[in-house]
Amino acid sequence: MRASDHDRSAVLTRDETSARAERITLHTASVALDLREARDLTRASFATTTTLTFDAEGDRTWVDFIGESVDEVVVNGESHRVDWDGARVRLSGLRASNVVTIAGRGLYSRSGEGMHRFVDPVDGAVYLYTQYEPADCRRVYPCFEQPDLKARWSVRVTAPADWVVLGNGAQISRDERGDDAVVSFAETPPLSSYVTAVAAGPYHRVTGEWAADDGRARVDLGVLCRASLAEHLDADEILDVTRRGLSFFTAAFAQPYPWGKYDQIFVPEYNLGAMENPGLVTFTEAYVFRGASTLAQHEARANTILHEMAHMWFGDLTTMTWWNDLWLKESFADFMGAHAAVEAGGFPDAWVTFASRRKGWAYEQDQLPTTHPIVAEIPDLEAAKLNFDGITYAKGASVLKQLVAFVGEDAFFRGAQRYFAEHAYGNTTLPDLLAALEAASGRELGVWSHAWLQTTGVSELRVERSATGEAAVVQTDPRPHRVSVGLYGEHRGRLVHRDRVEIDIVGERTALPVAAAALDGILLIIPNVDDRTYAKVRLDARSVDAVERSLATLDDPLARSVVWAALWNAVRDGELAVARYLGIVGRHAPTETNTALLADAIAHGRFAVAHYAADAAREELAAQWLETAWAALWDAAPGSDAQLAWARGVGAAATACAARASELRHLLSGEADAPRGLSLDADLRWLWLIALSSTGDATVAEVDAELAADPTAVGRLAHRTALAARPDADVRAQAWSAAWNDAALSNDELDATIAGVRAGGRRDLVAAFDDDYFSRIRPVWSQRSIEIARRLVRGLFPASESLDAADAWLDANADAPAALRRIVLEQRDGLARDLRVRAAQSRAAAHLQAGA
């Protein structure tokens, strides 16, 4: 039987899966995949068979499967009629104990969901890998697609004999039969379906080993990537971070690594940063640095490695019962990634980066109309897909940082150890974790849980100074905080630390327990100076003046991170003029020693120009920003991270301003010398060339020539963006049409096309598409996979001068799928912020002009 398209039965709900879990006790799942024909691109599908052993109450249930066909269903040795609606294989005639075999054909994917198939343009090699979270395992083999039905999985794969084949378990046999091989893997301990995994192809592999200090445990390690990327794979560093992490976590959790071997594979066209499949962790190829890379990039990769490793315990060993407790794995892994990077990973400034990047993401998400509690209500799988967001990850990790401080680090880890010991290989909910932490710490956590896990929104901490010299911290959306307040004076043009005051903030206003006389000469007051709590910081006017003069002289990178974040939030909220912010960035970012803070300041500068500058001032500010980046590039130390960061900043700035187009062309052609120490590698060349193309300063022949020099997968994507970015209305219209209509585009090819459509912020070239956008989004949501649909709905949302079209669509589509409405609401909110802040800039400029 073949599938019907896009049946709503694919949207599994919490209620029905909970009911199924009450009736089904799953024991084992045995999977057989036949991938021998994967290199034949005319073959869209592969053979897949699953045998499930389970106990049942009642004689009916269903098994999840989305594919090309279901060909056979055998229940307890008897062949049954295939009853399949495209998403659910319905079973009847069940007994108390059952063996069910379902055979069919799965479809190869180009969206990064299910079994993704990629052809390397360098050598024509075909690569396969799987990605399931939250519910795409059913696209590869029939399964019970819910986290609380765990099984012991055994997998057998038939594939070309010259391929590397990987699964969660260690390989236990490989039977080569001519051009083919049958590879079997060890049965896993109990696992949820969404973390099972398979990869196959001519992957390059580097092996290693980790051994515990006492010699009692050892784990085989592997690091893999496509063969054409092998020369860029710095496996030694990856293995070093991996060994450090395994040593740290096995000691911290008092629980040995539970999954046998530990392979880490970098895969193409990946939708995520990484995925915690036990024994086979998948990563984006963006972490294989094929050109120059900064310390911040290496820190980010190490953080991700450690984040995924923490999941081997938080998420894989103990798994949330349903997706409303997604935070039980993601918040903990996000916290542990930074914590372990500092404690064991060799990156002592990881919390600085966390304060700037992860918390920034959380603050933005928490101010959207679609914000939700960390422990969220997730009615179905579409909602689950969208809750992998800044709340679940970064806000959750931020409040966990507070919790660790509240109960004490030792008690926190004792609680984690108790949690794993009590719930290993099981499923849990919020009370299970709180009970373990309360037992270890002796503290009652119900009030804390309610205040931080079950509420929404972000408090703002603002300093107010009175006319008599005292100061107070004023809080909006009050919550309990224990914060440090940093007090700084100035000496010979430098900001100097004078004092740090610990205060408990409960209500709307808390006086700073410092006498007015002691505050005399205090120019800068930074609430939450150690970034301990989760709250936006708003600096008072005197403090903004101080950092405008001397921000770069603050010695503490964490304090600088809090200040940079406060300034950026003030811009986003319309309280700090874009021009003034760009001036602060231009004055202090060139001497910022933390590469992550520098990169964030550069990115925020460009974003402020594109989104928040008043219309009348945007062109002038874009030119000023490009000059800032250009000057900083040439002034940066040769070969430094700062030089590379500013070179990338020049590329981003040059998409909206052609003032340096001639110089960029000469640098790319070799007619002029690049700044000493700067590597004009392929990635940087493409960044600059896309900028030139978007302003009309690069020809098609030049773009094609660059592709000839870099015919890699990355080069092909950049080539697609550069061609679509040309400032011609017909070119943009063709790219717009391709994005919506060309179903053959892969996930990354779609992103590259969308980037071209949006290049340079040229509203005049795309304004005609606004009505078309709103007519397309509901059909595309029902016709395409959620991954492809959400890229289209988010990436092509109109950057218009009015909210009317978005509001009209929302009013007319109250019955649209909730996940689609959520995306539109979030994009509408972003546009509303843009318009609101621009209007504030315009009013302020008019006021200044009137005063003059």
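Heavy-atom basis, side chains included; hydrogens, waters and symmetry copies ignored. Quantities reported herein were computed from a predicted structural model and do not represent experimental measurements.
Ring geometry for F253 against F420 counts as perpendicular: the plane angle is over 60°, on a 0 to 90° scale with 30° as the lower cut. Ring geometry for F249 versus W313: interplanar angle of 30 to 60°, hence tilted. Ring geometry, W568 versus Y612: the interplanar angle falls from 30° to 60°, so the pair is classed tilted.
Side chain of E460 to backbone of R538: no donor-acceptor contact under 3.5 angstrom is found. Checked by atom type and distance alone, the side chain of T553 pairs as donor or acceptor with a backbone atom of L495 at under 3.5 Å. Side chain of S561 to backbone of V352: a donor-acceptor contact under 3.5 angstrom is found. Using a distance-only test at 3.5 Å, with no hydrogens or angles considered, no donor-acceptor pair links the side chain of K359 to the main chain of A535.
With Y488 as reference, L554 is the one residue of L554, V496, I522 to meet the side-chain contact (heavy atoms from CB on, under 4.5 Å) rule.
The side-chain hydrogen bond (donor to acceptor under 3.5 Å, both in side chains) check on R443 picks up nothing, with sequence neighbours excluded. Residues passing the side-chain contact (heavy atoms from CB on, under 4.5 Å) test with Q367, sequence neighbours excluded: Y363, V458, K536, R572, D573, R833. Remark: H611 pairs with F607, D834 by the side-chain contact (heavy atoms from CB on, under 4.5 Å) rule, at least two apart or across chains.
Counting non-hydrogen atoms of neighbouring residues, nucleotides and ligands closer than 6.0 angstrom, the NE2 atom of H450 reaches no more than 12 such neighbours. Atom CD of E620 has 12 or fewer neighbouring heavy atoms from other residues, nucleotides or ligands inside a 6.0 Å radius. More than 12 heavy atoms of other residues, nucleotides or ligands lie within 6.0 Å of CD in E502, so this atom counts as buried by the packing criterion.
Rounded to the nearest 0.5 angstrom, H339 NE2 and L306 CG are separated by 11.0 Å. With rounding to the nearest 0.5 angstrom, the CG atom of D334 is 9.5 Å from the CG atom of L400. Separating the CD1 atom in I526 from the CG atom in L558 is a distance of 9.5 Å, to the nearest 0.5 Å. Expressed to the nearest 0.5 Å, how far CD of Q365 lies from CG of L368 amounts to 5.5 Å. Taking CG from L539 and CD from E548, the interatomic distance works out to 12.0 Å, rounded to the nearest 0.5 Å. Atoms CG and CG, from D349 and L295 in turn, are 8.0 Å apart once rounded to the nearest 0.5 Å.
The ring pair (Phe, Tyr, Trp, His ring centres under 6.0 Å) analysis of residues 535-564, with sequence neighbours excluded, yields no pairs. Here side-chain hydrogen bond (donor to acceptor under 3.5 Å, both in side chains) pairs that include residues 397-414, with residues two or more places apart or in two chains, are Q402-T533. The ring pair (Phe, Tyr, Trp, His ring centres under 6.0 Å) pairs that include a residue from residues 536-563 number zero, where partners must be two or more places apart or lie in different chains.
Aromatic ring centroids of F335 and F354 lie 6.0 Å or more apart. Not less than 6.0 angstrom separates the ring centroid of Y393 from the ring centroid of W327.
In this structure, a donor-acceptor pair under 3.5 Å is absent between the side chains of Q255 and T250. With no hydrogens or angles considered, a side-chain donor-acceptor pair links H372 and D389 at under 3.5 Å. Y534 and D366 form a side-chain donor-acceptor contact under 3.5 Å, judged by distance and modelled atom types alone. Under the 3.5 Å distance criterion, with hydrogens and angles disregarded, no donor-acceptor pair is assigned to the side chains of T392 and E330. T510 and Q475 form no side-chain donor-acceptor contact under 3.5 Å, judged by distance and modelled atom types alone.
Counting only heavy atoms from C-beta outward, the side chains of L403 and L437 approach each other to under 4.5 Å. For the pair V585/W625, a side-chain contact is recorded, criterion being any heavy-atom separation below 4.5 Å from C-beta on. Side-chain atoms of F332 and H311, non-hydrogen and from C-beta on, never get closer than 4.5 Å to each other. Counting only heavy atoms from C-beta outward, the side chains of I525 and R465 approach each other to under 4.5 Å. Contact of the V514 side chain with the V501 side chain is registered, since non-hydrogen atoms from C-beta on lie closer than 4.5 Å. You'll find the side chain of L633 reaches within 4.5 Å of the side chain of P675, heavy atoms only. Residues T304 and Y287 have side chains in contact (heavy-atom distance under 4.5 Å, counting atoms from C-beta outward). Proximity of M336 to M309: side-chain heavy atoms (C-beta onward) are nowhere separated by under 4.5 Å.
A salt bridge links R462 with E575: the distance from a Lys NZ or Arg NE/NH1/NH2 to an Asp or Glu carboxylate oxygen falls below 4.0 Å. Remark: D530 engages R532 in a salt bridge, criterion side-chain N to carboxylate O under 4.0 Å. With respect to R290 and E285, no salt bridge is recorded, no charged nitrogen being found less than 4.0 Å from a carboxylate O. Ion pairing of R357 with D600 is present here, as a side-chain N (NZ or NE/NH1/NH2) and a carboxylate O approach within less than 4.0 Å. Between D234 and R301 there is a salt bridge, with a side-chain nitrogen of the basic residue lying less than 4.0 Å from a carboxylate oxygen of the acidic one. Under a 4.0 Å N-O distance rule, the pair D555/R560 does not qualify as a salt bridge.
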Quick one, V485 with V529, criterion side chain to side chain contact (heavy atoms under 4.5 Å, CB included). Give me CA distance, side-chain angles, the key distance, then yes/no. CA-CA 6 Å; V485 180; V529 67; over 6 Å; no

Apply side-chain hydrogen bond (donor to acceptor under 3.5 Å, both in side chains) to the pair T294 and D641, showing each step before the final yes or no. CA-CA 5 Å; T294 65; D641 282 1; 4.8 Å; no

Go through the steps to decide whether D540 and S543 satisfy the test side-chain hydrogen bond (donor to acceptor under 3.5 Å, both in side chains), and finish with yes or no. CA-CA 5 Å; D540 67 291; S543 293; 2.6 Å; yes

Please evaluate residues W210 and S247 with respect to the criterion side-chain hydrogen bond (donor to acceptor under 3.5 Å, both in side chains), reporting the C-alpha separation (whole Å), side-chain torsions for both, the decisive distance (0.1 Å), and the verdict. CA-CA 8 Å; W210 170 80; S247 295; 2.8 Å; yes

Evaluate R479 against S459 for side-chain hydrogen bond (donor to acceptor under 3.5 Å, both in side chains), listing each step before the verdict. CA-CA 7 Å; R479 288 178 177 80; S459 303; 3.3 Å; yes

Intermediate values then yes/no, side chain to side chain contact (heavy atoms under 4.5 Å, CB included), N569 and E364: CA-CA 9 Å; N569 281 316; E364 291 183 18; 5.6 Å; no

Could you go through H298 and F289, starting from their C-alpha distance and side-chain angles, then the distance that decides it, and tell me whether this counts as ring-ring contact (aromatic ring centres under 6.0 Å, His included)? CA-CA 9 Å; H298 288 262; F289 308 127; 4.8 Å; yes

List the steps and the verdict of side chain to side chain contact (heavy atoms under 4.5 Å, CB included) for V650 and R660. CA-CA 9 Å; V650 164; R660 291 291 178 177; 5.9 Å; no

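Here the shortest heavy-atom pairing between A629 and W646 reads CA-CE3, 3.6 Å.
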